[in-house]
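This report concerns only the one structure given below.
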Amino acid sequence: MNIFKKSALFFVVFLFLSAGIVFGTPEYADQTEKTCAFCHDGANGGPLNHVGVAFVRNGYSYPIPERILDKSIALSGTFHKTLRLIIGIIHLVTIGILVGSIFYIHIVVKPWQLKSGVPGGEKRLGLTCLILIAATGIYLTWYRIDSMGS
């Protein structure tokens, strides 16, 4: 078995072993004294609506602060979901370019061959990637985190 097949097999086994079993229970409905439809799109569960997302963002505690509920409502629209998807793709592609260029320099070119330093184009590419990763990372972090506290 070659190294690629071993790595792929290890990755799949790791995913199965690290995945936990998740059960939806009526505990949250009992805790909040609300029906399932309060947090879900359907009367008996299903995908979370904006209140359900805010409940998760609030650490599964009720009542939900107004700022978290407002942010959840604002971010539940198609525009923000599409924007997050596009920014996430840019983030991942930029990371791929940066990591790829680092491997290229270290494996193909060899750092000892660069006596005068990294060429200007590659340096600009690296700095541009770092700036894009930071900018998209800040947006994606803001999207996910509501406060610095627990």
Side-chain angles (χ1 to χ4, degrees), residues 1-108 118 120-150:
M1 195 184 281
N2 67 19
I3 190 73
F4 177 73
K5 289 181 182 177
K6 287 180 184 177
S7 298
L9 180 63
F10 175 76
F11 181 71
V12 169
V13 169
F14 175 76
L15 282 178
F16 280 115
L17 292 177
S18 65
I21 298 173
V22 178
F23 293 104
T25 62
E27 293 171 357
Y28 301 125
D30 292 341
Q31 179 183 354
T32 61
E33 298 177 356
K34 305 287 184 188
T35 64
C36 295
F38 184 71
C39 292
H40 294 272
D41 284 339
N44 294 324
L48 294 175
N49 60 23
H50 66 277
V51 176
V53 171
F55 185 67
V56 172
R57 287 174 158 307
N58 195 39
Y60 297 97
S61 63
Y62 191 81
I64 304 165
E66 200 65 36
R67 64 179 174 73
I68 293 176
L69 193 55
D70 290 343
K71 184 177 180 182
S72 178
I73 291 169
L75 296 179
S76 66
T78 306
F79 172 76
H80 278 288
K81 288 181 180 180
T82 306
L83 181 64
R84 184 183 66 165
L85 175 67
I86 292 168
I87 288 178
I89 290 170
I90 291 170
H91 190 75
L92 291 175
V93 168
T94 307
I95 289 171
I97 291 170
L98 182 63
V99 170
S101 62
I102 290 171
F103 276 114
Y104 176 76
I105 292 290
H106 284 82
I107 294 173
V108 176
V118 178
E122 284 80 356
K123 191 179 289 186
R124 281 190 297 279
L125 175 66
L127 290 174
T128 303
C129 285
L130 288 173
I131 291 168
L132 276 172
I133 290 168
T136 55
I138 288 169
Y139 175 80
L140 293 171
T141 301
W142 170 82
Y143 191 93
R144 288 292 256 172
I145 297 177
D146 295 304
S147 69
M148 296 303 282
S150 54

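Positions are given from 1, in the same order as the sequence printed here.
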Please give me the minimum heavy-atom distance between Cys129 and Ile97, naming the atom from each residue. SG-CG2, 3.7 Å
side-chain hydrogen bond (donor to acceptor under 3.5 Å, both in side chains) partners of Ser72, counting only residues at least two apart: none
Taking C-beta and beyond as the side chain, do Thr136 and Thr94 meet within less than 4.5 Å on heavy atoms? no
Going by the rule side-chain contact (heavy atoms from CB on, under 4.5 Å), which residues pair with Phe79 if we only count those two or more places apart in sequence or in a different chain? Leu83
For Tyr143 against His80, the heavy-atom pair lying closest together: CE1-O, 4.3 Å
Look up atom CD1 in Ile133 and atom CD1 in Ile90, then write down how far apart they are to the nearest 0.5 Å. 12.0 Å
Residues passing the side-chain contact (heavy atoms from CB on, under 4.5 Å) test with Leu92, sequence neighbours excluded, are none
Heavy atoms only: give me the nearest Val51-Cys39 pair and the separation to one decimal. CG1-SG, 4.3 Å
To the nearest 0.5 Å, atom CD1 of Ile138 lies from atom NE2 of His91 at 10.5 Å
Least distance between heavy atoms, Tyr139 atom then Arg84 atom: CE2-CA, 4.2 Å
Find the distance between OG1 (Thr35) and NE2 (His40) and round it off to the nearest 0.5 Å. 10.0 Å
Between Leu75 and Trp142, does the side chain to side chain contact (heavy atoms under 4.5 Å, CB included) criterion hold? Intermediate values first, please. CA-CA 11 Å; Leu75 296 179; Trp142 170 82; 3.9 Å; yes
What are the two closest heavy atoms between Ala54 and Ile68, and how far apart are they? O-CG2, 3.7 Å
Under the side-chain contact (heavy atoms from CB on, under 4.5 Å) rule, collect the residues that match up with Asp41, sequence neighbours excluded. Pro47, Asn49
Would you compute the distance between atom CG of Leu125 and atom CG of Leu98 and round it to the nearest 0.5 angstrom? 7.5 Å
What pairs with Ile89 under side-chain contact (heavy atoms from CB on, under 4.5 Å), at least two apart in sequence or on another chain? Leu85, Val93
Nearest heavy-atom neighbours spanning Ile64 and Leu69: CG2-N, 4.1 Å
What pairs with His50 under side-chain hydrogen bond (donor to acceptor under 3.5 Å, both in side chains), at least two apart in sequence or on another chain? none
